[in-house]
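Scope of the values below: all heavy atoms of this structure, side chains included, with no hydrogens, waters or symmetry mates.
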Amino acid sequence: MHLCISLFDESLNVFFKFRQWKAFNVWHVNVRDKRVKFSRKDLQKNLFILNDSLRPALLNIREMCYRISNMSLCKIEMGKTYTLSEFKDTQFEQLKQVSKRLAEFRDLVKDVVSSACKSALFEAGFTPDNYINESETPVPDTGAPGTASSFMQSNYNIDIYGQAPDKMTYTDQAQKRKECQRLTNFIRMADYLIVGTLHVLAVNSVQSLLNYFTEQLENTPSLEEIQATNKMPEKLDSDDAEQVPEIKKEATLIMADKDNEKDEEKMIPPLYISELVLEIDSLTFRPDLDQFRETIGEIIQQFKDTLLQVENLVPDKYFDPFTRPIINRKFEEKTCGEGPKLDIMFEDDQHLKSQENKCRECLNAAFNAAQQYADTFEPYRIFYRENEETDVEKIRTEEHSVEFFAKSLEKYHLEEEMVEIIVNQRHLGMMLVDANEMKNKLTPNPVRCLDVVNDVLPQIAKRKTDSLIAESQEATFKLEYKPNTTIEYVDALTFLEQIQERLAFLIHNLDTLMSILNLSLNNETLAFNRKLVLQMKKSKTTFVTPTEEVWVLFKLNSGAILQNSHRFFSLSQWVKQKLLDSVSSAEQFGICLICELKIMCTFLKSFSSSD
């Protein structure tokens, strides 16, 4: 019963409020339709893409912006290695061509926008301020779609020779002012499209440069490979001296195998080349890291400057008929500003700044590898400094031990071997380090000191040889002299005692001479052997063999001594004549001379022990 009563009350309520609901529903529908129509009309009026005059120009501008965005400001030829100056010149030349294309692009956009604005203003029922003057010159009938002339001839049949009235009503003035403000917004939007495209072009160009840097760094060799490039040869014993050419060949084969492996991996050639410069106090690169960073920063800044040369359309006086129209014979004040600022976009773009920082980090990583390679030349720099500071005149004038000359010869020959194994150009990923200049500077450095040693040693050998020969000649003369008086016999016996005391000194000098000549056994001292031959051939002294009479005379008193002295002097004469007459080459001279001097030393020692 209660349920039936409630349903009856609700049915009465529905009928009671029906008229209110119907009125509200009709009002709601009318308001919604009115708002939709207003929004449609507003969009139709304000959206440029829906305007028949502006839509073709807008699409054309977007298409041109899309095409121009694929252009790159950075030009890098695959597989080419640049010097820093060549790379800079290449980029600047590329930017000159890009600047010309951008100027053509702006002129084309300028014509398209101007033509579209004129068409829209004609459609609104107004004549552009500069149209009467422009109509006096004939316009070529190109009719190409999307160009300036196509918009003038496409959809509108307007009396182009009509003139604007001398004075417009306030309503016409307000309508023209409003239409020109709308066209000014269209010009500003074209500026935003252009500036956005230029900004994307800058970002893409820096990104392409960064991508190429990153790809180059992937080919950077490891630290072990870098340090193994110019590894110092180990000091070899005399028995292993013959193995030096084999060791060099083996090192060459190892480097060739590594190069073949890299060729198989199809490594990209380095992008930049830098020379390794040797100084007394340091090893530097030319150009160095600071110059690379400065140049790359200058190139990126030139990217921006080239794009900033494209001026906005809004402040261009060519568009004053739309941005500053003449209304009632007066120029309207321009309130649209200067348009978007590309330089401010560059300053606020953190992504672009991050790309620039990454480019600098790539250069730092490349020079870190180059510095690791330069560190392998530190021993070269040290011996270069030592040799440059060496006073060669002191070596010529001062007295030095045989050990000094032996160490000097070993040191300078080792330095020559070190210079020979220097790789002329080393691939280090992004950088190609050129060591030709350093190698050419190092090559004469040990040779200069080695030539001095090779000059001094033969002179020392000649002096000691002449001293021994002179003393032996004097002894020979005294032994050949036949004493007649008692005093002469006493002098002869005194001389025999003195010469026995001199034997130790003579043996020492002979050992020293043998040590000097022993250095010539090294195959690397051929120059020393040749100079020694010349020094020995310049000697004017000769030997005279003791006569048989002197031998018989002193046989009873000192037969053993005289026998040994006779053999010694005879052997000395034979050694000198044998070497100077029969030695055919400088290579054989040192070996023969040492062998004969060893025999002489043996006789001297036996002479000393026969007392």
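For F186 and F48, the ring centers are positioned less than 6.0 Å apart.
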**OP:** List the steps and the verdict of side-chain hydrogen bond (donor to acceptor under 3.5 Å, both in side chains) for N185 and Q181.
**Re:** CA-CA 6 Å; N185 293 333; Q181 290 177 355; over 6 Å; no
**OP:** Run the numbers on Q227 and E224 for side-chain contact (heavy atoms from CB on, under 4.5 Å), then give the verdict.
**Re:** CA-CA 5 Å; Q227 293 177 346; E224 292 76 11; 5.6 Å; no
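No donor-acceptor contact under 3.5 angstrom links the side chains of Q309 and D305, judged on distance only. A donor-acceptor contact closer than 3.5 angstrom links the side chains of D172 and T169. Side-chain contact of N445 with E415: a donor-acceptor pair under 3.5 Å is absent, judged by distance alone.
Figure legend: cation-pi geometry between K358 and F213 absent, as NZ or CZ is not positioned both under 6.0 Å from the six-membered ring centre and within 45° of its axis.
In this structure, K75 places its NZ atom where only 12 or fewer heavy-atom neighbours from other residues, nucleotides or ligands lie under 6.0 Å away. Taking a 6.0 Å sphere around CZ of R448, one finds it holds more than 12 heavy atoms contributed by other residues, nucleotides or ligands.
The structure places CG of L342 at 11.5 Å from CD1 of I194, a figure rounded to the nearest 0.5 Å. To the nearest 0.5 Å, the span separating CD1 on I299 from CD1 on I296 amounts to 4.5 Å.
Relative ring orientation between Y373 and F377 is described as perpendicular, the plane-to-plane angle rising above 60° on a 0-90° scale split at 30° and 60°.
Using a 4.5 Å heavy-atom cutoff, the side chains of L121 and T127 are not in contact.
One finds no salt bridge joining R381 and E279 here, because no Lys/Arg side-chain nitrogen approaches an Asp/Glu carboxylate oxygen to under 4.0 Å. By the 4.0 Å N-to-carboxylate-O rule, R67 lies close enough to E63 to be salt-bridged with it. Contact check on D33 versus R40 returns no salt bridge, with no Lys/Arg side-chain nitrogen under 4.0 Å from an Asp/Glu carboxylate oxygen. In summary, E356 and K304 engage in a salt bridge, as defined by a charged side-chain N under 4.0 Å from a carboxylate O.
Exactly one of L209, N357, L210 qualifies for a side chain to side chain contact (heavy atoms under 4.5 Å, CB included) with C362. That residue is L210.
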